[in-house]
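Input: a single structure, listed below in structure tokens.
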Amino acid sequence: MKLKNRVAFYFVSRLFWLIVIWGLLIGVSIILFSFFLRHDQTETSRLSIEAIANNTVIQNQEIDIHNSVKEDLQDNDIWLQVLDENGNEFFSFNKPREIQVHYSPGELVSDYIYPANNSYQLSTWFETINGQEVTWVTGKPITNNNPFFYWANNLWIVSIIVIGIIIAIYFGKQLGDPLLFVMEWIENLSKGNYEEPSNYLKLHSKNHKQNRGKHKVYKELIMALSNLTSNLKKSQVERERLEKTREEWMAGVSHDLKTPLSTIKGYTMLIASGEYNLRKEEVRRFAETMEERVAYMEQLIEDFSLTFQLKNGAIPIKFEEINLKHFIKDILEQMKKLPKASSQIFSLETSKEQILSDIDTKYLKRAFENLIANCIKHNPPKTKIKIILYEEAEKIHITIQDDGIGMNQETVSQLFDQYFRGTDSSSDNSGIGLGMAIAKQIILAHQGNIVVKSKMNIGTQFHIILPRRLKE
């Protein structure tokens, strides 16, 4: 079930149970009240006030009622008053002493609507006899010996309030806990605290099955937040590591720039001072050294520029169809001329004379040179450096491998990071740490991929995959 459907079902089910609980509460209340009311009922008169009026005899201003009516009134503790048109009593039966003998119309209505005011219940009947308005009034004391009815009403109101609060808290906790948990988690992330909330472990412990049940509704959201938290934490660690590496790299680059500048400055001051009679050969040697240092700094600046261009996708790559066998062979011949390459053993293996691909010769040459130079610079003499070229379907595979000293896994994992320079004391760590990053970015710009595998004292292998034809 999808998250939105499960959440909707969760809310509807809780609303259903809330309605069921309230229905049961009201039903139980009705049953209880009915029980007490039924047991508290007393026998009432079988005669209505209308029947009493019909059984009243008025002759010659004399009033009398049948004996059966009198017996019924006495048996039910009911009194009877008959009033004239002015509200004055001119007949009564079974009336208590404290009952008044005169009523105004307002008093009759008030006592009828509010019987508790006088502790008795009145009923009235009006009729015109022989042109005279006659009013019958019956009354009965309000007697209720069941104490339940004295406190039941207030108790019921308090109970409803308390139970309502308890139910509201329970269902509010059921519905709100997961949302508050997610909000707390998001708030932690917004503050840069890339940790799960403190109750996350409790949520997943064996002793909190109920909590897991509530939060299970949002399991996709919680898993997504967990993955996001993990990724942000990794990114933070990576940022801190990269920042530390960048600071170390900046110190190294400053040193790399200061060294050639110091050399150039020294030779320049020496030549300009005029204190020494320098021979032409010495001046030429100084100039060649300064030219080498200038070329090194130019290469350094070019690497900076190329790195930022590749990172921002601003590099002006121009693709053309090239035979990779000849292309790589020419690069290999040039790399053999490097000073340290004279003692290495190179070979190129391919099954075809022609393997065509769309590449930018300038930048891909730079990538291959960086990779081959890495194999030359960081390995001892007599290392075998082999390049294997073959095609498969619409992809071209290039493997650059050596049988040198290899790299540890920490170096392998960071090899293509900008500003990273290996720390193995047995290898040459000169350079600014951009060569491998540039090589990978160029290959990615060709819609390709590169993977490195290495084992200590066994060797290193760079496996490059390029498309035969670039996708537009």
Note to self: Checking V452 against T460 for the side-chain contact (heavy atoms from CB on, under 4.5 Å) test, could you report, in this order, the C-alpha distance in whole Å, the side-chain angles of both residues, the deciding distance, and whether it holds?
What the structure shows: CA-CA 7 Å; V452 58; T460 301; 4.0 Å; yes
Checklist line | Side chain R293, main chain T263, donor-acceptor under 3.5 Å | finding: no
Next item on the list: Find out whether I442 and H446 are in side-chain contact, i.e. whether some heavy atom of one side chain is under 4.5 Å from a heavy atom of the other.
Entry: yes
Item checked: Shortest non-hydrogen separation from L225 to L189 and the atoms involved -> CD2-CD1, 4.2 Å
Checklist line | Non-hydrogen side-chain atoms of I400 and F368 separated by less than 4.5 Å | finding: yes
Next item on the list: Would you kindly say whether S230 and N227 are connected by a side-chain donor-acceptor distance under 3.5 Å?
Entry: no
Next item on the list: Could you grab the distance from atom CZ of F462 to atom CD1 of I387, nearest 0.5 Å is fine?
Entry: 11.5 Å
Residues 331-338, side-chain donor-acceptor partners within the protein, below 3.5 Å, at least two apart:
{"from": "E333", "atom 1": "OE2", "to": "K336", "atom 2": "NZ", "distance (Å)": "3.4"}
{"from": "Q334", "atom 1": "OE1", "to": "K365", "atom 2": "NZ", "distance (Å)": "3.1"}

Note to self: Could you tell me if the side chain of Q461 sits less than 4.5 Å from the side chain of T399, heavy atoms only?
What the structure shows: yes
Checklist line | Close side-chain approach of L232 and K234, heavy atoms under 4.5 Å | finding: no
Next item on the list: Could you check if a side-chain atom of I405 sits within less than 4.5 angstrom of a side-chain atom of P380, using non-hydrogen atoms only?
Entry: yes
Margin query: If the test is side chain to side chain contact (heavy atoms under 4.5 Å, CB included), which one of I359, T361, D360 qualifies with Y363?
Written below: D360
Note to self: Rounded to the nearest 0.5 Å, what separates atom CD1 in I458 from atom CD in Q401?
What the structure shows: 12.5 Å
Notebook entry, point to check: Mind checking whether I372 and Q344 have side chains closer than 4.5 Å, heavy atoms only?
Noted result: no
Next item on the list: Can you establish whether the number of heavy atoms outside Q236 located under 6.0 Å from its atom CD is more than 12?
Entry: yes
Check: Quick one: does N370's side chain have a donor or acceptor within less than 3.5 Å of a partner on M436's backbone?
Finding: no
Next item on the list: Could you tell me whether a side-chain N or O of T383 sits under 3.5 Å from a main-chain N or O of N379, the two making a donor and an acceptor?
Entry: no
Notebook entry, point to check: What closest approach, in Å, do P467 and S357 show between heavy atoms, and which atom pair accounts for it?
Noted result: O-OG, 3.1 Å
Next item on the list: Check S454 against V412 and note the closest heavy-atom contact, atom names and distance.
Entry: CB-CG2, 3.8 Å
Next item on the list: For T411 and M407, indicate whether the former's side chain and the latter's backbone hold a donor-acceptor pair under 3.5 Å.
Entry: no
Check: Do F319 and L364 touch side chain to side chain, with heavy atoms closer than 4.5 Å?
Finding: no
Checklist line | Inter-residue atom distance L466.CG - D358.CG, 0.5 Å rounding | finding: 10.5 Å
Check: Counting N and O atoms only, with roles assigned by atom type, does the side chain of D403 sit under 3.5 Å from a partner on the main chain of K384, one being a donor and the other an acceptor?
Finding: yes
Item checked: Interatomic distance, L228 atom CG to W185 atom CH2 [nearest 0.5 angstrom] -> 9.0 Å
Checklist line | Pairwise side-chain contact, K395 with R468, heavy-atom cut-off 4.5 Å (strictly under) | finding: no
Check: Given the rule in the side-chain contact (heavy atoms from CB on, under 4.5 Å) test, do L324 and I396 qualify, once you have shown the distances and angles that lead to the verdict?
Finding: CA-CA 9 Å; L324 284 178; I396 297 172; 3.6 Å; yes
Item checked: Check ion pair R285-E288 (N to O, under 4.0 angstrom) -> no
Next item on the list: Measure the spacing between CG of L389 and CD1 of I398 and express it to the nearest 0.5 Å.
Entry: 6.0 Å
Note to self: Suppose we screen for salt bridge (charged side-chain N to carboxylate O under 4.0 Å, His left out). Which residues come up paired with E353, at least two apart in sequence or across chains?
What the structure shows: K325
Checklist line | Y390 and H463 aromatic ring geometry - parallel, tilted or perpendicular at 30°/60° bounds | finding: tilted
Item checked: Gap separating the CD atom of E391 from the OG atom of S351, nearest 0.5 angstrom -> 7.0 Å
